[in-house]
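Working notes, structure below.
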Amino acid sequence: MQPRTPLVLCVLLSQVLLLTSAEDLDCTPGFQQKVFHINQPAEFIEDQSILNLTFSDCKGNDKLRYEVSSPYFKVNSDGSLVALRNITAVGRTLFVHARTPHAEDMAELVIVGGKDVQGSLQDIFKFARTSPVPRQRRSIVVSPILIPENQRQPFPRDVGKVVDSDRPERSKFRLTGKGVDQEPKGIFRINENTGSVSVTRTLDREVIAIYQLFVETTDANGKTLEGPVPLEVIVIDQNDNRPIFREGPYIGHVMEGSPTGTTVMRMTAFDADDPATDNALLRYNIRQQTPDKPSPNMFYIDPEKGDIVTVVSPALLDRETLENPKYELIIEAQDMAGLDVGLTGTATATIMIDDKNDHSPKFTKKEFQATVEEGAVGVIVNLTVEDKDDPTTGAWRAAYTIINGNPGQSFEIHTNAQTNEGMLSVVKPLDYEISAFHTLLIKVENEDPLVPDVSYGPSSTATVHITVLDVNEGPVFYPDPMMVTRQENISVGSVLLTVNATDPDSLQHQTIRYSVYKDPAGWLNINPINGTVDTTAVLDRESPFVHNSVYTALFLAIDSGNPPATGTGTLLITLEDVNDNAPFIYPTVAEVCDDAKNLSVVILGASDKDLHPNTDPFKFEIHKQTVPDKVWKISKINNTHALVSLLQNLNKANYNLPIMVTDSGKPPMTNITDLRVQVCSCRNSKVDCNAAGALRFSLPSLLLLSLFSLACL
């Protein structure tokens with residue numbers, strides 16, 4: 001078999017037409033010659049012309065740009081292709097892309113004798129793709145296919161043709177990849193016999209910009225002879241997407257009085273078209289300004305960056321003189337670098353002129369008047385101010401200070417958040433008899449500091465004259481509370497003290513009468529003329545009306561005014577304890593088994609309502625138990641507890657045992673309490689304390705029974 005010659009796949013590039021002028025039928029936009037063949041020289045010389053290209057968009061070639069697939073070459077404005085430096089190997093093919101706002105086209109330069117090098121068309125045209133497939137020694141060479149998006153019927157239409165001059169007989173072409181046998185399927189197909197590549201429908205670059213296909217040749221049985229070789233189909237962008245502002249709402253702020261040229265905000269639109277083309281090259285402008293006062297051109301937008309800046313003098317940017325401190329701008333973004341053929345999109349920018357503190361607050365008058373009754377507290381007058389700044393900012397909100405006339409701190413002033421008025425209040429009751437008039441000096445400032453060229457003037461201070469009105473004040477007890485200490489149980493009629501109340505209205509010379517206001521236990525009486533307090537009952541420290549040994553009573557002092565005024569005084573009587581309560585025991589009922597081995601019956605405790613030393617240590621005794629006939633025993637455990645036990649087991653019955661307990665007071669007090677002891681039957685873990693049928697003996701009966709039993713022995 002003879003060796004095969006290299007398989008050359010020559011893709012015939014389709015003519016690309018954009019924005020063709022309908023009325024110019026004699027001109028065809030694009031390159032006049034689309035394929036060139038040049039021999040590979042020993043070296044391409046820097047700045048030496050290689051060939052001349054001729055391109056026309058039929059519109060005058062305004063803003064014509066050339067791009068070359070190799071970074072080592074460029075096309076001058078006259079169409080001459082030159083090398084940027086001395087270079088030898090550049091590959092087998094170069095592509096030149098020409099573009100104006102109205103048309104674009106591609107020319108192919110075949111380097112006869114050139115060698116393959118890394119790189120592809122999208123490296124210079126900025127198409128996104130994965131890393132190129134490393135080339136190996138093979139006979140298949142491919143170049144990309146370019147197809148404009150949005151083509152119309154008829155379909156299918158040929159977009160290229162694979163030519164194989166040394167293809168074996170009965171071999172076929174096969175095309176695979178995304179867009180052929182992978183989703184989206186059926187977009188491209190190849191004539192297996194002729195190698196013609198065709199597209200079956202309209203393409204959208206914004207959906208898929210590049211299709212990565214693979215071409216191979218197969219025998220009649222479908223076995224691969226050559227390939228697969230990558231074949232890129234590049235979708236050429238058309239201007240079919242309007243700019244969109246998608247980050248709104250757009251709200252900017254600028255301080256009043258800002259210098260001309262102050263940046264307010266930036267507007268940025270998005271265009272889905274190819275960012276490497278003028279189809280996505282945006283320019284911005286202001287279509288409308290509302291309101292249009294004091295100037296219809298208050299702002300300017302940078303056409304390329306979208307920055308909005310002020311263009312009027314600081315004096316015109318005065319918030320207090322503006323009809324409305326809010327401006328709305330209709331911003332337009334236009335692609336095709338702002339040419340008339342470009343598509344547009346609009347958005348609204350809202351600009352707020354923010355306030356700065358360039359106006360000081362001023363009182364509406366220099367002097368304010370107020371009256372207040374002595375003894376009263378609360379707001380007595382509202383001080384009004386004016387401020388031209390923004391009511392929603394600290395440049396408007398007022399802060400008031402009393403700078404003179406308030407040595408006793410009887411007055412305070414606060415700001416009403418809604419009205420900005422100063423609310424002057426009395427916080428400590430005033431006394432007419434001490435001073436009937438007060439004069440305050442008050443200043444007002446803003447929460448925010450003033451700008452450097454503005455200061456507070458005389459109108460930022462005001463004088464307040466306050467007149468105190470005399471009222472009939474109630475008498476005042478001194479001291480209050482009044483405190484005395486007495487022993488409980490003092491005799492009825494004992495004098496505790498004489499209360500003293502004075503009338504603050506010293507200029508009125510009024511008389512005072514006294515009465516009892518609250519006396520919970522009913523123990524006290526007061527002389528209405530001289531205020532002498534004596535007892536009407538025995539004072540008892542242990543009474544429920546006494547708390548922590550202190551008894552509390554309230555008295556009234558009533559003057560002779562019209563109407564009369566009343567004052568209240570408190571008397572605290574501390575009661576000293578005396579030993580007037582006998583102790584008592586607990587518990588008073590106990591149980592014990594008739595066959596118990598442990599003859600302990602119960603542990604008794606004692607308590608006393610009195611205080612130490614009139615309480616413990618307590619003395620515990622069994623009352624009236626003769627020594628020879630003892631059945632019970634009581635033993636001291638500590639100062640407050642004792643143990644009651646049996647000396648022998650007793651029959652099932654109830655017994656009353658008199659217990660005598662004595663406290664340590666001087667003189668001591670004694671109490672006798674019966675302890676009821678139930679002797680129970682305890683059999684098989686069951687306790688029966690039911691005394692029915694059993695004899696119930698008091699202690700004397702038990703003693704007689706014991707003597708009788710001994711006499712019968």
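Throughout, residue positions are numbered sequentially from 1 according to the sequence presented.
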Any non-hydrogen side-chain atom of V68 less than 4.5 Å from a side-chain atom of F95? no

Between Y456 and P361 the two heavy atoms that sit nearest each other are CE2-CD, 3.6 Å

- prompt: Taking N446 for the side chain and A395 for the main chain, is one N or O donor matched with an acceptor at less than 3.5 Å?
  reply: yes

- Message: Test salt bridge (Lys or Arg N to Asp or Glu O under 4.0 Å) on R85 and E46; report intermediate values, then the result.
- Response: CA-CA 4 Å; R85 65 179 177 85; E46 180 179 356; over 6 Å; no

CZ (F36) and CG (L94) are apart, to the nearest 0.5 Å, by 12.0 Å

Separation between OH (Y327) and CD1 (I286), nearest 0.5 Å, reads 12.5 Å

| query | Any sub-3.5 Å donor-acceptor pair from E232's side-chain atoms to P144's backbone N or O? | reply | no

Can you check whether A398's main-chain N or O pairs, donor with acceptor, with T415's side chain at less than 3.5 Å? yes

Closest non-hydrogen contact found for F31 with F55 is N-CD1, 3.8 Å

Just checking, is any N or O donor in the side chain of D387 or H359 under 3.5 Å from an acceptor N or O on the other one?
no

* Asked: Do P249 and T350 touch side chain to side chain, with heavy atoms closer than 4.5 Å?
  -> no

Quiz item: Do other residues, nucleotides or ligands put more than 12 heavy atoms under 6.0 Å from the CD atom of E323?
Solution: no

**Asked** In terms of side-chain heavy atoms, does S258 have a donor or acceptor partner in E256 at a distance below 3.5 Å?
**Response** no

Test log, rule side chain to side chain contact (heavy atoms under 4.5 Å, CB included), inputs E104 and H97: CA-CA 7 Å; E104 60 182 318; H97 184 217; 2.7 Å; yes

| message | Would the distance check show the side chain of D318 and the main-chain N or O of P314 forming a donor-acceptor pair, the cut-off being under 3.5 Å? | response | no

Heavy-atom closest pair (A333 atom, P243 atom, distance to 0.1 Å) is O-CG, 3.5 Å

**Prompt:** If you count the non-hydrogen atoms of other residues, nucleotides and ligands that lie under 6.0 Å from CZ in F155, is the total more than 12?
**Reply:** yes

Correct closest heavy-atom pair for R242 and D271 would be C-OD2, 4.2 Å

Original post:
Under the 3.5 angstrom rule, does the side chain of T200 hit a backbone N or O of G186 as a donor-acceptor pair?
Top reply: yes

Indicate yes or no: at least one non-hydrogen side-chain atom of D240 is less than 4.5 angstrom from one of E206. yes

Rounded to the nearest 0.5 Å, the CZ atom of F214 sits from the CG atom of L175 at a distance of 10.5 Å

OG1 of T310 to CD1 of I353, rounded to nearest 0.5 Å, is 8.5 Å

Would you verify whether the NZ or CZ of R246 falls within 45 degrees of the ring axis of F270 while also being under 6.0 Å from that six-membered ring's centre?
yes

**Message:** Tell me whether E108 is salt-bridged to K34, with the criterion being a basic N under 4.0 Å from an acidic carboxylate O.
**Reply:** no

> Any luck finding a side-chain donor-acceptor pair between N357 and D448 under 3.5 Å?
Replying inline: no

Show your working on side chain to side chain contact (heavy atoms under 4.5 Å, CB included) between L339 and K63 and close with a plain yes or no. CA-CA 11 Å; L339 295 178; K63 296 185 179 180; 4.0 Å; yes

### Query
Taking the six-membered ring for Trp, are the ring centroids of F73 and F44 within less than 6.0 Å of each other?
yes

Taking the side chain as every heavy atom from C-beta outward, state whether L231 and I145 have any pair of such atoms under 4.5 Å apart.
yes

For D274 and A280, the nearest pair of non-hydrogen atoms, with its separation, is O-CB, 3.4 Å

Establish, from distance only, whether the side-chain atoms of N191 and S196 form a donor-acceptor pair under 3.5 Å. no

Here the gap from S198 atom OG to R157 atom CZ, rounded to the nearest 0.5 Å, amounts to 11.0 Å

d(I301 CD1, R283 CZ) to nearest 0.5 Å is 12.0 Å

Worksheet entry | Main-chain N/O of E226 paired to T217 side chain as donor or acceptor, under 3.5 Å | yes

T224 side chain to T218 backbone, donor-acceptor under 3.5 Å: no

- prompt: Do I147 and V235 touch side chain to side chain, with heavy atoms closer than 4.5 Å?
  reply: no

- Does R319 pair with D390 as a salt bridge, N-O distance under 4.0 Å? yes

Check your understanding: Would you call R174 and E216 a salt bridge, taking side-chain N to carboxylate O under 4.0 Å as the test?
Key -> yes

Give a yes or no on whether the backbone of T419 and the side-chain of N416 come within a donor-acceptor separation of less than 3.5 Å.
yes

Report yes or no: do D335 and N239 form a side-chain donor-acceptor pair below 3.5 Å?
-> yes

*Is a side-chain donor-acceptor pair under 3.5 Å present for N279 with D237?*
yes

Note to self: Is a donor from one side chain sitting under 3.5 angstrom from an acceptor on the other, for D273 and N241?
What the structure shows: yes

Smallest heavy-atom separation, F245 atom then I331 atom, equals CE1-O, 3.9 Å

Evaluate Y300 against I308 for side chain to side chain contact (heavy atoms under 4.5 Å, CB included), listing each step before the verdict.
CA-CA 6 Å; Y300 166 80; I308 299 176; over 6 Å; no

Review point. Hey, are R287 and E332 close enough for a salt bridge, meaning a charged N less than 4.0 Å from a carboxylate O?
Key: yes

### Query
So, K388 and E320, do they make that salt bridge, N to O below 4.0 Å?
no

With a 4.5 Å cut-off on side-chain heavy atoms, are N285 and P303 touching? no

| message | Looking at E149 and R205, would you say the former's side chain and the latter's main chain have a donor-acceptor pair under 3.5 Å? | response | yes

- Query: How about M265 and Y250: do any of their side-chain heavy atoms sit closer than 4.5 Å?
  - Reply: yes

*asked:* Can you confirm whether D78 is buried at CG, in the sense that more than 12 heavy atoms of other residues, nucleotides or ligands lie under 6.0 Å from that atom?
replied: yes

- Count the heavy atoms belonging to other residues, nucleotides or ligands that lie under 6.0 Å from CD of E386, then report whether that count exceeds 12. no

Side chain to side chain, I208 and K178, heavy atoms closer than 4.5 Å: yes

**Study point:** M298/Q289 under side chain to side chain contact (heavy atoms under 4.5 Å, CB included): CA gap, chis, key distance, verdict
**Key:** CA-CA 8 Å; M298 299 285 288; Q289 170 190 301; 3.2 Å; yes

Donor-acceptor contact below 3.5 Å, side chain D278 vs main chain L281 = no

